[in-house]
There are 4 protein chains.
Amino acid sequence: MFLHIQFESEVPIYQQIKNQIIRGIALGELKLGEDLPSVRQLASDIGINFHTVNKVYNQLKQEGWVVIHRKSGVMINPELKVEKTPEYIEGLEELLKTVTAEAYLRGVTKEEFIQWIENNYAGYPLREGE
Amino acid sequence: MFLHIQFESEVPIYQQIKNQIIRGIALGELKLGEDLPSVRQLASDIGINFHTVNKVYNQLKQEGWVVIHRKSGVMINPELKVEKTPEYIEGLEELLKTVTAEAYLRGVTKEEFIQWIENNYAGYPLREGE
Amino acid sequence: MFLHIQFESEVPIYQQIKNQIIRGIALGELKLGEDLPSVRQLASDIGINFHTVNKVYNQLKQEGWVVIHRKSGVMINPELKVEKTPEYIEGLEELLKTVTAEAYLRGVTKEEFIQWIENNYAGYPLREGE
Amino acid sequence: MFLHIQFESEVPIYQQIKNQIIRGIALGELKLGEDLPSVRQLASDIGINFHTVNKVYNQLKQEGWVVIHRKSGVMINPELKVEKTPEYIEGLEELLKTVTAEAYLRGVTKEEFIQWIENNYAGYPLREGE
DNA sequence: GTGGTCTAGACCACA
DNA sequence: GTGGTCTAGACCACC
């Protein structure tokens, strides 16, 4: 697995795992329909308790990223269709207002900032029809 | 004061206040050297415990955003010079990787995303020498 | 066979099979005395482990829905007479309390709800003597 | 608190609590905006572990039934607006097909069944405009 | 083997 | 005081 967990981080472990799985999907490292390790396997790989992984998988399921089969475990939702809801957009805009404000004051130029966005998007496979 | 606190938010109240003060500085709504309300005043305005505001002011001071005078209270640091440290940059890049990944998967286009950045930066007054 | 199994469902596979067989009886699609596929046949059709089908047939037998002959396999109980026990009624009432509460809160009107009941019952052949 | 938990039931404890809270909202026993006991308080009242209650509250929050304030604990969402989504309707219709089929075969008449629905709905306060 | 549930106890962040 | 996180270990249902 490709996960790198920072145990000393303020960000909860389960959140880091969630983030990296979603990032893995965006980058195409995790294909739709691909199996994820079992809760106990992944927990053992990372060296954490399986309940923590369980929490991750359950939240990912709630939000539609993965499906949990009765027996075969967890896989990336083959019919992934997470939505650009107004709530999501609102939260994102709010976040960006905060982030850009501090970045600006710390001397990050608009060009630098946009370059990062460009770089990230460059790593994501194009959508159908684009 | 221009603060809007969402008590039901996941974001801690003290964090919301910090964010909005920093945003206020970036937007020029709070001038360098401008006085902030007293701890008790602001706490009363928002309707929260003054310990929370105290925490905010202390953290803002630690990070160099404000200076605290014994008598005159708290003011925006007239010689504001927060730094673009490597740690800050690293954290920001990490954050953007996570945020853009989910945004991409939810159907936010690169252009949309960049437009928000542009819009935000457009609201920030240019620095001296720019 | 008319079974549609949703492997990603929360409902256990064996439960889905049971439900659909009972529904088939109610709708008259499965006649009393009619043979059901063999354990291995049905398991193979659905693509599941035959132990699962075994479990279903045994439970159906326990509850009186089917009879199992040594040679001829499993058939719908020709003298089907499942009972309206107090325990069953109690469980059903309890279930309906929960279901109607959420339905009401989600905006399902009483009329809508009753219409579904009517529609379902309309599909069930009348019993002898009615 | 008005909760009655059946520890010997097949239904998980956390599910029973969820059901009864939702039922309480529908019946008007729990008003919108009303505080729920703290996780530890409720757990102690029922005689279970607080993690179980925590799970309930988190799921109720995810589904929009309650809001969790940082300090004041959990309250029924004052702006409760759970939706009659197509997925919900589909699941409900599926459930009713299964339930009515067995009920019919066990001798529950349509009239009986509908009477229960009527009785339940009779306990729910009328919506605005009705 | 898989995930789901429940218990128990610890520590932390927040207000 | 509140909820949030993490650990640890048990037992169960399902397949």
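We name chains A, B, ... by the order of the sequence lines, and we start the count at 1 in each one. No experiment lies behind these values; they were computed from the predicted model shown.
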To the nearest 0.5 Å, tell me how far D:Lys31 NZ sits from D:Leu80 CG.
13.5 Å
Indicate for each nucleotide in nucleotides 1-8 of chain E, in 5' to 3' sequence, whether protein heavy atoms under 4.0 Å reach the base (B), only the sugar-phosphate (S), or nothing (-).
BSBBBBBB
Dot-bracket for DNA chain F, 5' to 3', with Watson-Crick and G-U pairs under 3.5 Å, [ ] for crossing pairs and | for other-strand pairs: what is it?
||||||||||||||.
In terms of heavy-atom contacts, C:Leu36 and C:Tyr57 come closest through CB-OH, 3.6 Å
Do D:Lys18 and C:Glu102 sit within salt-bridge range, that is, some charged N less than 4.0 Å from a carboxylate O?
no
May I ask you to check whether B:Asn58 and B:Gln62 show a side-chain donor-acceptor distance below 3.5 Å?
no
Straight-line distance of A:Gln59 CD to A:Ile21 CD1, nearest 0.5 Å:
11.0 Å
Is any side-chain heavy atom of C:Asn77 less than 4.5 Å from a side-chain heavy atom of C:Trp65?
no
Only one of D:Ile22, D:Val67, D:Val74 clears side-chain contact (heavy atoms from CB on, under 4.5 Å) with D:Leu60; which?
D:Ile22
